[in-house]
Each structure stands twice: as C-alpha cells, then as structure tokens.
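Just so it is clear, the structure is predicted and the values come from calculations on it, not from any experiment.
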Amino acid sequence: MSETQVARAGHGEKAQTVSAVHRLLKTAKLAIVTEYRGLTLAQMTKLRREIRQASGEYQVIKNTLAERALEGTTFGHLEKLLQGPNGWVFAYEDPVVLSKALIKFADDNDKLQIKGGVFEGQFMDRAGVKALSQMPSKPELQARLLATINAPATQLLRTIQEPGVQMVRLLESLRKTKGE
C-alpha cells in the first residue's frame with residue numbers, strides 16, 4: 001500500500017468513528033465527559049460494567065473525532081471540555097440512575113474526574129451532574145406517584161372499617177370485664 005492509500009484508509013476509519021459517535025450522541029439522553037488518567041485496567045473494567053448495568057456506555061474517544069461528532073447535536077457545549085484524555089459516558093434510558101452510578105464510582109475512585117455533561121441540551125458542571133444523581137429515579141417517582149394515588153383509597157377504607165373495629169374492641173373489653 002502506498003502512503004496515500006494508508007492515509008485514505010485511516011481517514012475512512014476516522015470518518016466511521018465520527019459517524020458512530022454521532023449516532024451515539026443522537027440516541028443518548030445524557031452525555032458526560034470524564035478524565036480517567038490514573039485508573040488501572042481493572043478499575044476501567046469495573047467502571048464500564050457499572051455504567052453498562054445502568055443502561056449506559058463508557059468510551060474513550062479522541063478529542064478531534066469527538067469534536068467533529070458533536071456538530072449538529074444538542075451536546076455541542078461539551079466541546080469546551082475536550083482537553084487531555086477523555087472518557088465519555090452515554091445514558092440511553094434513565095439518566096438519573098446512570099449519574100448515580102458514575103458519581104458513586106468517582107467518589108470511590110478519586111482518579112476519575114467528572115468534567116461536565118449535557119442533559120436535555122443544558123450544560124452541567126460536576127456539581128450539576130452530582131445534583132442530577134441526587135434526584136429520584138424514574139422507578140422511585142413512579143412508586144411515589146402510586147402511593148399518592150392510593151393514599152385516599154386507603155384512608156377511605158380505614159374510615160369505613162373504623163366503626164366495626166371500635167365495636168369489636170368494645171365487645172372484647174366488655175367480655176374481659178365480665179369474665180373478671
């Protein structure tokens with residue numbers, strides 16, 4: 001292969017990578033940029049596993065390729081974070097669950113630094129990502145809503161049953177006093 005053919009092949013691979021990252025950004029609900037310098041291979045493997053369990057993905061992407069992939073997406077604000085080696089976290093389902101997993105890992109491993117992220121077109125610094133992780137997740141909100149919906153029915157049932165319960169208590173206390 002000549003140098004020109006090698007350069008073209010390299011360019012084709014780069015274009016494919018940019019296209020693949022662009023597709024990830026189009027489907028992601030949340031993207032977070034991290035600095036992973038100093039993490040061991042075992043720690044990186046554990047991080048990827050925990051992110052995957054939270055319906056996300058962790059990838060290391062060259063800054064020049066990431067910059068091209070960000071064009072035309074709602075994640076353009078992340079371009080200002082593209083310095084040094086970066087790991088990208090993508091959330092595809094519940095961003096709160098993923099941010100909880102990432103914050104927990106970062107708290108346990110001080111080598112992982114969260115630079116910032118974008119959720120629903122809004123840029124978040126590390127504090128913003130941490131605030132997102134402290135919000136209730138979708139299942140927690142659904143449970144709260146269900147409890148709120150059921151509360152009046154439960155209270156009504158107790159109110160309807162209370163006279164009968166009081167009567168049983170009264171008869172039981174009369175029985176005990178008569179027996180003495």
If you group Ile, Leu, Val, Met, Phe, Trp and Tyr by side-chain heavy-atom gaps below 4.5 Å, do L25 and V18 land in one group?
yes
Interatomic distance, CZ@F75 vs NE2@H22, rounded to 0.5 Å, equals 11.0 Å
Smallest heavy-atom separation, V118 atom then T74 atom, equals CG1-O, 3.5 Å
inquiry  = Tell me whether Y92 shares a hydrophobic cluster with V96, the cluster being built from Ile, Leu, Val, Met, Phe, Trp, Tyr side chains joined at under 4.5 Å.
reply    = no
Pairwise side-chain contact, N86 with I61, heavy-atom cut-off 4.5 Å (strictly under): no
Here the gap from E67 atom CD to K62 atom NZ, rounded to the nearest 0.5 Å, amounts to 14.0 Å
Query - F90 six-ring centre to K29 NZ/CZ under 6.0 Å and within 45° of normal - result: no
Practice task
Go through the steps for L132 and F119 under the test side chain to side chain contact (heavy atoms under 4.5 Å, CB included), then give the verdict.
Solution key: CA-CA 9 Å; L132 179 65; F119 176 54; 4.2 Å; yes
To the nearest 0.5 Å, atom CG of L112 lies from atom CZ of R37 at 12.5 Å
In terms of heavy-atom contacts, A54 and L98 come closest through CB-CA, 3.8 Å
**Report entry** Ion pair check, R169 and E172, cut-off under 4.0 Å
**Finding:** no
Any chain of hydrophobic side-chain contacts (each under 4.5 Å) joining V89 to L82? no
- Message: Hydrophobic cluster membership, with links at side-chain heavy-atom distances under 4.5 Å among I/L/V/M/F/W/Y: are W88 and L47 in one?
- Response: no
Query raised in the report: Any link between L70 and V60 through a network of hydrophobic side chains (Ile, Leu, Val, Met, Phe, Trp, Tyr) touching at under 4.5 Å?
Result: no
| said: Looking at D107 and R126, is there a salt bridge between them, counting it only when a charged N and a carboxylate O are closer than 4.0 Å? | reply: yes
- Residue pair E50 / Y58, side-chain heavy-atom distance below 4.5 Å: no
Heavy atoms of M44 and L39 approach each other most closely as SD-CD1, 3.7 Å
So CG of L24 and OG of S19: to nearest 0.5 Å the spacing works out to 9.5 Å
Discussion item. I'd like to know whether Y36 forms a side chain to side chain contact (heavy atoms under 4.5 Å, CB included) with Q113, so could you lay out the CA-CA distance, the side-chain angles of the two residues, the decisive distance to 0.1 Å, and finally the verdict.
Written reply: CA-CA 7 Å; Y36 61 90; Q113 299 298 315; over 6 Å; no
Check your understanding: With a cut-off of 6.0 Å (strictly less than), are more than 12 heavy atoms of other residues, nucleotides or ligands near CD of Q166?
Key -> yes
One should read off an interatomic distance between M124 CE and S99 OG, to the nearest 0.5 angstrom, of 7.5 Å
Does the pair R49 and T45 meet the rule for a side chain to side chain contact (heavy atoms under 4.5 Å, CB included), with working shown?
CA-CA 6 Å; R49 186 178 339 113; T45 302; 4.2 Å; yes
| Looking only at atom types and distance, does a side-chain atom of T27 sit under 3.5 Å from a main-chain N or O of R23, one as donor and one as acceptor? | yes
Between I114 and D125, is any pair of side-chain heavy atoms under 4.5 Å apart? no
task: Given side chain to side chain contact (heavy atoms under 4.5 Å, CB included), test I32 with V129 step by step and report yes or no.
output: CA-CA 8 Å; I32 299 172; V129 174; 3.8 Å; yes
In this structure, NZ of K111 is separated from CZ of F105 (nearest 0.5 Å) by 12.5 Å
Between K115 and E35 the two heavy atoms that sit nearest each other are CE-OE1, 3.8 Å
